[in-house]
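Whatever order the structure lists them in is the order used to number ligands and atoms, beginning at 1. Source: prediction; values computed, not measured.
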Amino acid sequence: MSSFAPASEKAESSKLAALVTTYPLDIKKIPFNPTAKVDDVLSFRYYNESEIIMEKPMHEWLRFSVCYWHTFRGTGADPFGFPTLVRPWDDGTDSIENAERRMRVAFDFMSKLGVKYWTFHDRDIAPEGKTLAETNSNLDRLVELASQLQSETGIKLLWNTCNLFAHPRYSNGAATNADAHVVAYAAAQVKKSLEIGKKLGAENFVFWGGREGYHTLLNTNVRQELDNMANFFKMVVAYKKKIGFTGQFLIEPKPKEPSKHQYDYDAMTVIAFLKTYDLDKDFKLNIEPNHTTLAGHCHEHDVVMASAYNMLGSIDSNTGSPDLGWDTDQFPMDVKNAAMIMQTVLQQGGLAPGGLNFDCKVRRESSDVIDMMIAHVGAMDCFARGLRVAAQICHDGLLENMKRERYLSFANGLGDKIRRGIATLEECDAYVNENGEPTKISGRQEMFESVLNRYL
Ligand code: XLS
Ligand code: NI
Ligand code: NI
């Protein structure tokens, strides 16, 4: 801000600067204000949680959650630079006291933002001890506090998960490690997290295979590793039943990073894996669009594919940078992308018990505390606007009709038999001999794109 700025703007800017160093957060609850000024980024213009859209309040379509790892444990460090996101509530130690203070700030933040859910890895909330027993007792203390804060604020746990990729013991994978001792460690860690999920009422539980993959096929028995991964999931399903944990299990596909190749490459790969090992009734998918684009697909591809097979359980709503080839985990700020995702969510009748988890981090250059809030408000409003656009598209039914018309030839005759899987090659041969060359029919891509643009 230049020194020529009016006094009121100066006051505004010093208020923002003050937030850098204060907590509990000196921010009011984010209001809904449809006439908010364009630069009022601490109000929702589109997200009106109780407003009914297609027979449900917006908050039921948009089951937002804040993720603990990026938003409360992210430091902004990258391979070239030191941390930039130094938070006033963090004292630089890995103590239980610091973890407890941070958790209180997190629930304060989420309440002011107005989200109803949160997500975390086991290692985000409590320090890892020297032994598994010590780690678990650290977890018990923080889970106790989480349970108390959940009931005080009404914020619920969308899902928890295990960090099976950061500790050096997992450098060669967890469930797919070549050492059975490491596989057992991972299993013990998951056992504890399922118990935590049950205690905190987690509505889902996520498995992201962070290092389940390979760097070179020369040292890797892929078939054994995949069999082991399936058996690991079978142990997990058995324990879930045993303790009566009711959350939905989700696998999160990602093609690479940190491994060169990850087994859970994309939605279709994971669905094939689950069906191969007879696990498809026990799991759905948690789709992250940034992983989808990393796999070489368009932003909404895996959301659409998973939903088409009734396997879309939840979404890690973030985005990559279209011009970068890695997982940048940016806040979703593109209305068209959000509308495309929400269109699929509307078509399948919602995401519950899943939700829209902001697996996103502010840029390392966005170093003020207030940037955390601005980012979440902007992303929630982007999705709320996407929902409104998608609802209008669904309501008009125009694009859906245009799509349906392309497939009319399957409505009767031979097409109908092909569609129902009862046609034969001989019938197809006879049909072509009788009817000759098919008439060329335009795919009309530009028309579809032009129509879509009129809704945005
Ligand atoms: C990393 C993943 C991870 C999972 C949870 O790329 O997105 O954050 O969502 O382990
Ligand atoms: Ni994710
Ligand atoms: Ni990711």
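- Aromatic ring centres of Phe109 and His376: separated by under 6.0 Å.
- Defined by atom type and a distance below 3.5 Å, a donor-acceptor pair is present between the side-chain atoms of Thr269 and Asp266.
- Residue-level proximity to ligand 1 for Glu288 is carried by the side chain, the only part with a heavy atom below 4.0 angstrom.
- In terms of N/O distances under 3.5 Å, ligand 1 is not approached by His70.
- Applying side chain to side chain donor-acceptor pair (under 3.5 Å) to Tyr263 and the options Glu225, Lys254, Glu212 leaves one that passes, Glu225.
- Listed by number with element, the atoms of ligand 1 under 4.0 Å from a non-hydrogen atom of Asp316 are 9 (O).
- Atoms of ligand 1 lying under 4.0 Å from any heavy atom of His121, numbered from 1 in the order shown and given with element: 5 (C), 10 (O).
- For Glu252 atom OE2 and Asp316 atom OD2, the angle they make at the Ni ion (ligand 2) is roughly 100°, to 10 degrees.
- The only option from Asn136, Thr135, Asp122 that meets the side chain to side chain donor-acceptor pair (under 3.5 Å) definition with Gln189 turns out to be Asp122.
- Between Phe72 and Tyr68, the ring planes lie tilted relative to each other; the angle falls in the 30° to 60° range.
- Scanning all protein heavy atoms for the shortest distance to atom 8 (O) of ligand 1 gives Asp359 OD2, 3.0 Å.
- Nearest to the Ni ion (ligand 2), among the N, O or S atoms that Asp359 has, is OD2.
- For the pair Asp108 and Lys112, the salt-bridge criterion is met [side-chain N within less than 4.0 Å of a carboxylate O].
- Of all the atoms in ligand 1, the ones that sit under 4.0 Å from a non-hydrogen atom of Lys254 are 1 (C), 6 (O).
- Checking only distances, Trp69 does come within under 3.5 Å of ligand 1, N or O to N or O.
- Of the listed residues (Asn204, Thr119, Asp316), just one forms a side chain to side chain donor-acceptor pair (under 3.5 Å) with Asn286, and that residue is Asp316.
- Less than 6.0 angstrom separates the ring centroid of Phe233 from the ring centroid of Phe283.
- Polar contact check, Asp327 against ligand 1: a nitrogen or oxygen pair lies under 3.5 Å apart.
- Relative orientation of the Phe358 and Phe383 rings is perpendicular, given thresholds of 30° and 60° on the angle between their planes.
- Of all the heavy atoms of Asp329, none lies under 4.0 Å from any atom of ligand 1, so neither backbone nor side chain is involved.
- Among the atoms of Trp159, none of the N or O lies under 3.5 angstrom from an N or O of ligand 1.
- The shortest separation from a heavy atom of His291 to ligand 1 is under 4.0 Å, placing the residue in contact.
- Salt bridge status for Lys199 with Glu144: present, with a side-chain N to carboxylate O gap under 4.0 Å.
- Protein heavy atom closest to atom 4 (C) of ligand 1, with residue, atom name and distance, is Glu252 OE1, 3.3 Å.
- Between Asp327 atom OD2 and His291 atom NE2, the angle centred on the Ni ion (ligand 3) amounts to 90° (nearest 10°).
- When the Ni ion (ligand 2) is compared with the N/O/S atoms of Glu288, atom OE1 turns out nearest.
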